Amino acid sequence: MPDTGFHIMTKPIGPICNLDCKYCFYLEKENLYPQTKHWAMSPEVLERYIEQYIAAQPLDEVHFAWQGGEPTLLGVDFFRAVVALQQKHAGGKQIHNALQTNATLIDKEWGEFLAEHKFLVGVSIDGPPEMHDYYRVDKGNAPTFDRVMRGLTKLKEHKVEFNTLTVVNRQNSQHPLEVYRFLKEIGSGFMQFIPVVERETTEPGSDGLVLIQPSFQRAAEVAEFSVDPLAYGKFLATIFDEWVKKDVGHYFIQQFDVALESWLGMEASLCVFRKTCGSALAMEHTGDLYSCDHFVYPEHKLGNVLQDNLNEMVASKQQKKFGMAKRDTLPRMCRECDVRFACNGECPKHRFLTTPDGEAGLNYLCAGYKHFFHHIAPYMQFMATELREGRPPANIMRFVGSSS
């Protein structure tokens, strides 16, 4: 058994989605399964996965995460079966479910189900209409904002707990406060700001994929929708400046929470900022297990839950090597960086640049993270001190107000 618990991003409908978001890295994963005609996790795979996943978790609380593609395409009955199987195999453990969705299909039935079974719902939304609809369109290239808001309204009507996931891209990165204030207006109390960085090649490999991983050796260019590195850092820093004055303790932003963990000397709760990785995996609709949601490529397949034991796949030499490579391949420039403790080279997916002295493995977003972490450092130090002294970190708002 792995030394600690692990997390799996489950793709019960694979990459199939009712939208056609221009920056989505997962849609083309359909090419990995050319023989698939029925895109849904089979009952056999579903039960085997749920049984093994619950048994493998060392704690009494087990967290499932369902994503896609768009998982609501499977219908409410599929997830009723999920809940029934979880109850069957719970073995006294407490089960939690999270569902990541574009919310366009959320209706009354979904709202009732999600509320009854206490699903935490992540809603993908990129800001006000003009920013959201710039890339997040449907198969007919039509805007989706109004449909997302209708779904969000249903979640609110049924008092379903939700948070928001905003993809920070080339367009909305220029409007940080508009995005942040909009998310507050729609009732998002917990926000994630995920940078989109993709490289694409004009010569796809044998796997048929155009959006490629860092080890790709042939010609490739950063996709036009990818966020500019420094723009991402300034986006976070600008939102932080407003948040730290009046919103601490009222609105929770993943990158800020994780940064505070780092200033407290804790292990980052978000995998991209840990020293090593390998404990956040992805499972496709077939039961195939991959090293990471961002490394769903044939060479990173660990096995299949129908033939292989989940614990053994996670604890395999292949997966351990994948996880340790994050630390072991850091270039000297990163190892000597003053904010390494908060960054740790971020996600290996983004480490395709070379350092000024020619060493491989520099993160594309390096300039942005340096800007952000240096910007927030004095505030984080203050909040970390408050916590260590048993005082609320929200005291930072009085400190900022008195010094302005």
Side-chain angles (χ1 to χ4, degrees), residues 1-13 40-68 71-72 74-101 110 112-122 155 158-163 190 192 252 254 257-258 261 266-271 274 277-293 302-316 319-320 323:
M1 175 181 288
D3 295 331
T4 58
F6 56 91
H7 180 75
I8 293 179
M9 184 68 71
T10 319
K11 312 276 191 174
I13 196 168
M41 188 172 277
S42 71
E44 183 184 11
V45 170
L46 184 63
E47 180 160 14
R48 185 73 61 88
Y49 166 56
I50 287 174
E51 180 181 16
Q52 287 200 35
Y53 186 68
I54 292 173
Q57 299 305 310
L59 302 178
D60 290 333
E61 294 191 20
V62 182
H63 295 263
F64 284 85
W66 307 94
Q67 200 183 51
T72 60
L74 290 165
V76 175
D77 284 345
F78 178 89
F79 285 93
R80 288 196 178 102
V82 164
V83 171
L85 288 169
Q86 290 171 337
Q87 293 171 347
K88 175 181 176 181
H89 295 290
K93 295 182 179 180
Q94 188 174 359
I95 309 297
H96 303 275
N97 285 287
L99 180 77
Q100 185 65 40
T101 176
W110 270 111
E112 292 173 347
F113 169 82
L114 295 168
E116 178 186 357
H117 296 287
K118 296 181 172 59
F119 272 58
L120 170 63
V121 177
L155 294 176
H158 291 88
K159 297 180 171 55
V160 176
E161 186 179 356
F162 74 93
N163 57 38
F190 185 91
Q192 300 177 56
F252 298 88
Q254 185 183 52
D257 290 344
V258 176
E261 292 170 350
M266 299 167 59
E267 175 78 279
S269 57
L270 184 61
C271 63
R274 292 178 181 170
C277 56
S279 61
L281 302 93
M283 179 166 290
E284 259 291 342
H285 67 293
T286 58
D288 289 344
L289 186 68
Y290 291 87
S291 291
C292 171
D293 180 38
L302 299 169
N304 184 284
V305 74
L306 289 180
Q307 292 88 39
D308 305 295
N309 179 273
L310 201 54
N311 269 324
E312 292 176 0
M313 288 188 282
V314 177
S316 66
Q319 185 64 0
K320 286 182 176 178

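Remember, predicted model here, so these are calculated numbers, not experimental data. Any value given below was found using the heavy atoms of this structure, including those in side chains, with hydrogens, waters and symmetry copies removed.
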Task: Distance (rounded to the nearest 0.5 Å) between Leu306 CG and Asp288 CG - done: 9.0 Å

Open item on the list: Quick check against the 3.5 Å criterion: does Asn304 have a side-chain atom that pairs as donor or acceptor with the backbone of Thr286?
Closed with: yes

Open item on the list: Testing the basics here: between Arg48 and Val305, what is the closest heavy-atom pair and its distance to 0.1 Å?
Closed with: CG-O, 3.4 Å

Open item on the list: Distance check, rounded to the nearest 0.5 Å: Met283 atom CE versus Ile8 atom CD1?
Closed with: 4.5 Å

Task: Under 3.5 Å donor-acceptor, Thr10 side chain and Trp66 backbone - done: no

- [ ] Output all residues satisfying ring-ring contact (aromatic ring centres under 6.0 Å, His included) with Tyr53, sequence neighbours left out; order by chain, then residue number.
- [x] Phe6, Tyr49, Phe64

Task: Spatial distance of atom CD (Gln100) from atom NZ (Lys11) [nearest 0.5 Å] - done: 9.5 Å

Task: Closest non-hydrogen atom pair, Ala115 against Val160 - done: N-CG2, 3.7 Å

Open item on the list: If we ignore hydrogens and angles and just use 3.5 Å, is the side chain of Gln57 paired with the main-chain N or O of Val62 as donor and acceptor?
Closed with: no

TODO: Starting at CD1 of Ile13, measure out to CG of Leu74 and round the result to the nearest 0.5 Å.
DONE: 4.0 Å

- [ ] Could you tell me whether the side chain of Lys93 and the main chain of Asp60 form a donor-acceptor pair under 3.5 Å?
- [x] no

Task: Sequence-distant partners of His96, side chain to side chain donor-acceptor pair (under 3.5 Å), two or more places apart - done: Glu61

Task: Separation of Phe79 CZ from Leu99 CG (nearest 0.5 Å) - done: 5.5 Å

- [ ] Using the salt bridge (charged side-chain N to carboxylate O under 4.0 Å, His left out) rule, collect all pairs that involve residues 80-91, keeping only residues at least two apart or in two chains.
- [x] Glu47-Lys88, Asp77-Arg80, Arg80-Glu109

Task: Derivation and outcome, side-chain contact (heavy atoms from CB on, under 4.5 Å), residues Phe190 and Asp257 - done: CA-CA 10 Å; Phe190 185 91; Asp257 290 344; 3.9 Å; yes

- [ ] Could you check if a side-chain atom of Leu46 sits within less than 4.5 angstrom of a side-chain atom of Pro12, using non-hydrogen atoms only?
- [x] no

Open item on the list: Looking at every non-hydrogen atom in both residues, tell me the closest pair between His89 and Ile54 and how far apart they are.
Closed with: O-CG2, 3.5 Å

Open item on the list: Can you tell me how far apart CG (Leu310) and CD (Glu51) are? Round to the nearest 0.5 Å.
Closed with: 11.0 Å

Task: Option passing side-chain hydrogen bond (donor to acceptor under 3.5 Å, both in side chains) with Ser279 (candidates Arg274, Gln319, His7) - done: Arg274

- [ ] Could you pull out the closest heavy-atom pair between Asn163 and Gln192, with the gap in Å?
- [x] OD1-NE2, 4.2 Å

Task: Ring geometry between His117 and Phe113 (parallel below 30°, tilted from 30 to 60°, perpendicular above 60°) - done: tilted

